[in-house]
Amino acid sequence: MELWPLIKNILILDSEGKRIAVKYYSDDWPTNAAKEAFEKSVFTKTQKTNARTEAEITMFDDYIVVYKFVQDLHFFVTGGENENEIILAAVLQGFFDAVGLLLRGTVDKKEALENLDIILLCIDEIVDGGIILETDANVIAGKVASHSMDAGAPLSEQTITQALATAREHLTRSLLK
Amino acid sequence: MAQPLVKKDDDRDEEADYSPFLGIEKGAVLQEARVFNDPQLDPRRCSQVITKLLYLLNQGESFTKVEATEVFFSVTKLFQSKDIGLRRMVYVMIKELSPSADEVIIVTSSLMKDMTSKTDMYRANAIRVLCRITDGTLLTQIERYLKQAIVDKNPVVASAALVSGIHLLQTNPEIVKRWSNEVQEAVQSRAALVQFHALALLHQIRQKDRLAVNKLVSSLTRGSARSPLAQCLLIRYTSQVIRESANNTQTGDRPFYDFLEGCLRHKAEMVIFEAARAITELNGVTSRELTPAITVLQLFLSSSKPVLRFAAVRTLNKVAMTHPTAVTNCNIDMESLISDQNRSIATLAITTLLKTGNESSVDRLMKQITNFMSDIADEFKIVVVEAIRSLCLKFPLKHRSLMNFLSNILREEGGFEYKKAIVDSIVILIRDIPEAKETGLLHLCEFIEDCEFTYLSTQILHFLGIEGPKTSDPSKYIRYIYNRVHLENATVRAGAVSTLAKFGAMVDGLKPRIFVLLRRCLFDTDDEVRDRATLYLNTLGGDGAVVETGADVKEFLFGSLDIPLVNLENSLKNYEASEKPFDINSVPKEVKTQPLTEKKAPGKKPTGLGAPPPGPPTTVDAYEKLLSSIPQFAKFGKLFKSSAPVELTEAETEYAVSVVKHIFDGHVVFQYNCTNTVPEQLLENVTVIVDASEAEEFAEVASKPLRSLPYDSPGQTFVAFEKPDGVPAVGKFSNMLRFIVKEVDPSTGEAEEDGVEDEYQLEDLEVVAADYILKVGVSNFRNAWESMGADFERVDEYGLGPRDSLAEAVNAVIDLLGMQPCEGTEAVPPNSRSHTCLLSGVYIGNVKVLVRLQFGLDGPKEVAMKLAVRSEDEIVSDAIHEIVASG
């Protein structure tokens, strides 16, 4: 067993299995071709399942993959075969919800591509070199969102921060039901 | 919030695959990247361009070295902008570009400035970026800031520093280890994730120090970690401590078990599961310890979340392998999982049930599985087939329904691996359950009528040839077999001919009809088929008269080859066509030890149709050929045994030397395998000077120097000793490598004219008693032991002193004697207090030896051993005792 939970990759693919945003943290896939082959098999193995209400899980080639779909987007988080499945699911859920918060509820391929910078920052805030940085969607979204504002902002801007925070909270509630 | 990258064209119809990156081109984006150099930076525009660059990289596009450098330099210009959003993108971009060392210098100062900035986000990210791209030298400059950052009051900054520490520990352990105090302080942090990262780093720093880890775990398990993730780490470290201390406590309660059990009541599911899994994986876990863990896993089985169900059923499946009864309580929940939407969960549930089910539930289970099999992938089906096989062996009375099930799925579509798994299972059932034989054979016959896999057809034909003639009505199989001769490819046809011949040999009543069929095969288009038909007709006396099949013929047709196939293959390769016919008795019979990997995969018994996987090819034949080609050694006679290579040098020295001991009746030859690892040197006239003053019975008779030893191309030099005939003389030899060394010009590869004589001390070498015993296994030890008789039996008892474990003692004795463990008795079950190990071998002079070792634990760690030896010669029996007594 690994001494700490390790994430092997985080993927967002579209409904045809094409890449939207991917990040690999493991040397298991040294070339782009190897990565594409992995994405292809993950996609074909999971495409027929219904992972829209609850995160789903599968295991193949000694990897555990947890995944969740929304609209035409497929989210995946991969770990080694001995990884704690529930930890992987927590990472997936954090990522999924953070993206939902940041895209204000309209999560689909078009929005994702138009806000690709946000998606990439989001991935950057969740995992660093395979080690989990944060799994709480609100914190992740907060970190990504705050970057577009000046931290040393004068008081007048504080209200915007508050407004954003309220909006986030509202969204979270509606998302998590 | 970031803006859309490209303003959407309102006139255009919205396409389904509309993308802001439609038609994006690397060249154009690289052109766009010039805006980074503008004196008046437009942060929004720059962010967009960076996103485009990242998009390209993400899609698998790669930048050439020049392109990457150019982009990197222009990106560094963006540090001038104060825009936070842009800075954030710059950080990501630099990490993606992974600049080279000389490029890193350019951004170092900017990043170091950010590391000391008042803005938390700057500090956190600058640390992550800098640690990702930096090397050791720079690290010492920024170490001070990193230590500060670890105890920073902002959790994001602290986490960034700690996680970077975990990464850096791989490359610069000595620096990171100096941060212990700060990390220790961070473990007490009130921020949940900081504690998690600090704990991971602290454990990693102290990993080698068992005592420190022990202390860390015991202090933390008393309190409670603040985040579920940290608690999971603690559980992992705790089970590691338990694993390592397991050897020290013979009785009493397991330390820290209470902690694990307490975690089962944690509020976070990931912690509950981590703890439950840790408990199930404890060494020699008792059912009392298991119960609470199984109970929580059972609750997970009916969760609405697939991930929880999967995690639970996967863990229970593993438990069922070792403690099937512990899992039976969950059977009802398991059964409802067979219809789970998620096929992985369903498969795991079924195989678990097959392991835990009782005889009465088999039929019901099979009905459920039949519906399920049609909609899962082959890989899952194989798992199910293997589980059914073991179930059938467990409940032989149920063979009818299980066999039916197997034959039904055999008829359905499926790939080779799947079909092979089914056929293997049927074959095993036929072998082990006599009542299942006839139906099983007919199922196989039906299968080969329409089998697309040549391998499976030939294997089944072979098996039919052995089992078919022994059935009540052998004639009914003939049709199936002879049909092959008409309908199949040459390989299968040849197999069918051999099978027919076996029926002819065993069943006299069928002989005339078999001869008719075989004669028809003489007109086959393939020569192998014709040859086989001719051969069998002759051996069976097909020229008319029906005669009783002779013993020789039976031996020829059915006798098993008692020679490892690899050895035979090597001998045949070495055989050069000459007047002298090939002698099968010259093939060495020594079996190389099977790789242990097989044992490690429980449930995968290599008992299928195909022979067990062949061991690694032996080099015995290669050695024999090599030695007999050297005139000085040719007269030594037949090679008795060659040892495995023994290293005489440390790893990574200038010259790597290993030695192989070749034992002959009256001689010993040392083969020194030398490798020169210095590219600037050429060695010539390489010899090994052996001092045999501590080996009195040996006298040097010949040596063969190695003329030249260039860089990285191994060569051999030999030294031969004479010793008393047939006597297992032992002794110690010290070795000195002597050679002439010549400098080589690395640019031209040419050596200088003049060389210098030099010597290189090698480690000592010993000839031990085990060198005189061949590892030769017997298939049935009891029979061999009984038939050997007690005439030359010698029994004695020995105290082996304190040992780490029983298994360690057993291995030590096996190594000492150098004999072949039989019937898997070399494996000691965990926690056993006594063990019997059976060994067999051939002693020099071709004397068979059998050894029965009985081990027992005497006191906490004292191991006592009773050694019984039987052999064909009392001197040899005594010699074995001598070895043990002096070892």
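Every chain is numbered from 1, with letters handed out A, B, ... down the list of sequences. Atoms considered below: every heavy atom in the structure, side chains included; atoms not considered: hydrogens, waters and symmetry mates.
- The backbone N or O of Ala160(B) sits nowhere less than 3.5 Å from a side-chain atom of Asp128(A) that would complete a donor-acceptor pair.
- When heavy atoms are compared at a cutoff of 4.5 Å, Leu162(B) does not approach chain A at all.
- Top candidate by heavy-atom pairs under 4.5 Å with chain B, chosen from Ile64(A), Asp14(A), Ile20(A), is Ile64(A).
- From Leu116(A), atom CG reaches atom OH of Tyr55(B) across 8.0 Å, with rounding to the nearest 0.5 Å.
- Without hydrogens or angle criteria, Gln341(B) side chain to Thr49(A) main chain gives no donor-acceptor distance under 3.5 Å.
- In terms of heavy-atom pairs under 4.5 angstrom with chain A, the leader among Glu269(B), Gln204(B), Gln240(B) is Gln204(B).
- Chosen from Asn50(A), Val139(A), Ile132(A), the residue pairing most often with chain B at heavy-atom distances under 4.5 Å is Ile132(A).
- Residues Glu274(B) and Ile87(A) have side chains in contact (heavy-atom distance under 4.5 Å, counting atoms from C-beta outward).
- Most heavy-atom pairs under 4.5 Å with chain A, from the set Thr315(B), Leu229(B), Val271(B), Ile345(B): that is Leu229(B).
- For the pair Trp4(A) and Leu199(B), the minimum side-chain heavy-atom distance is 4.5 Å or more.
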Exercise. Do Glu83(A) and Arg236(B) pass the salt bridge (charged side-chain N to carboxylate O under 4.0 Å, His left out) test, and can you show the C-alpha distance, the side-chain angles, and the key distance before you say yes or no?
Worked result: CA-CA 11 Å; Glu83(A) 202 42 80; Arg236(B) 288 187 192 185; 2.7 Å; yes
Problem set entry | Full working for side chain to side chain contact (heavy atoms under 4.5 Å, CB included) between Val307(B) and Leu92(A) | CA-CA 11 Å; Val307(B) 173; Leu92(A) 175 72; over 6 Å; no
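- With salt bridges taken as basic N to acidic carboxylate O contacts below 4.0 Å, one links Glu96(B) and Lys23(A).
- Within the 3.5 Å criterion, the main-chain N or O of Asp124(A) finds a donor-acceptor partner in the side chain of Arg128(B).
- Of all the heavy atoms in Lys143(A) and Val156(B), the pair that sits closest is NZ-CG1, 3.9 Å.
- Looking at Phe196(B), the atoms closer than 4.5 Å to chain A (heavy atoms on both sides) all sit in the side chain, from C-beta outward.
- Heavy atoms closer than 4.5 Å to chain B are found in the backbone of Val127(A), but not in its side chain.
- Using a 4.5 Å cut-off between heavy atoms, Tyr237(B) touches chain A through its side chain atoms alone.
- Residues Leu113(A) and Phe21(B) come closest through the heavy atom pair O-CE1, 3.5 Å.
- The most heavy-atom pairs under 4.5 Å with chain A, out of Pro306(B), Ser344(B), Ser159(B), Ala311(B), come from Pro306(B).
- The residue among Asn32(A), Thr135(A), Leu133(A) with the most heavy atom pairs within less than 4.5 Å of chain B is Leu133(A).
- For the pair Arg88(B) and Glu125(A), the salt-bridge criterion is met [side-chain N within less than 4.0 Å of a carboxylate O].
- Interface remark: Val22(A) contributes backbone and side-chain atoms alike to the contact with chain B (heavy atom separation under 4.5 Å).
- No other option in Ala90(A), Ala112(A), Gly129(A) has as many heavy-atom pairs under 4.5 Å with chain B as Gly129(A).
- Ranked by heavy-atom pairs shorter than 4.5 Å toward chain B, the options Lys35(A), Lys45(A), Met59(A), Glu111(A) are led by Met59(A).
- Among the candidates Arg87(B), Arg309(B), Lys95(B), the residue making the largest number of heavy-atom pairs closer than 4.5 Å to chain A is Lys95(B).
- Side chains of His167(B) and Ile131(A) form a contact here, defined as non-hydrogen atoms less than 4.5 Å apart.
- Under a 3.5 Å cut-off, the side chain of Asn342(B) and the backbone N or O of Glu56(A) do not form any donor-acceptor pair.
- Side-chain contact between Cys232(B) and Asn84(A) is present, with heavy atoms from C-beta onward closer than 4.5 Å.
- Between Leu308(B) and Glu85(A), every side-chain heavy-atom pair lies at or beyond the 4.5 Å cut-off.
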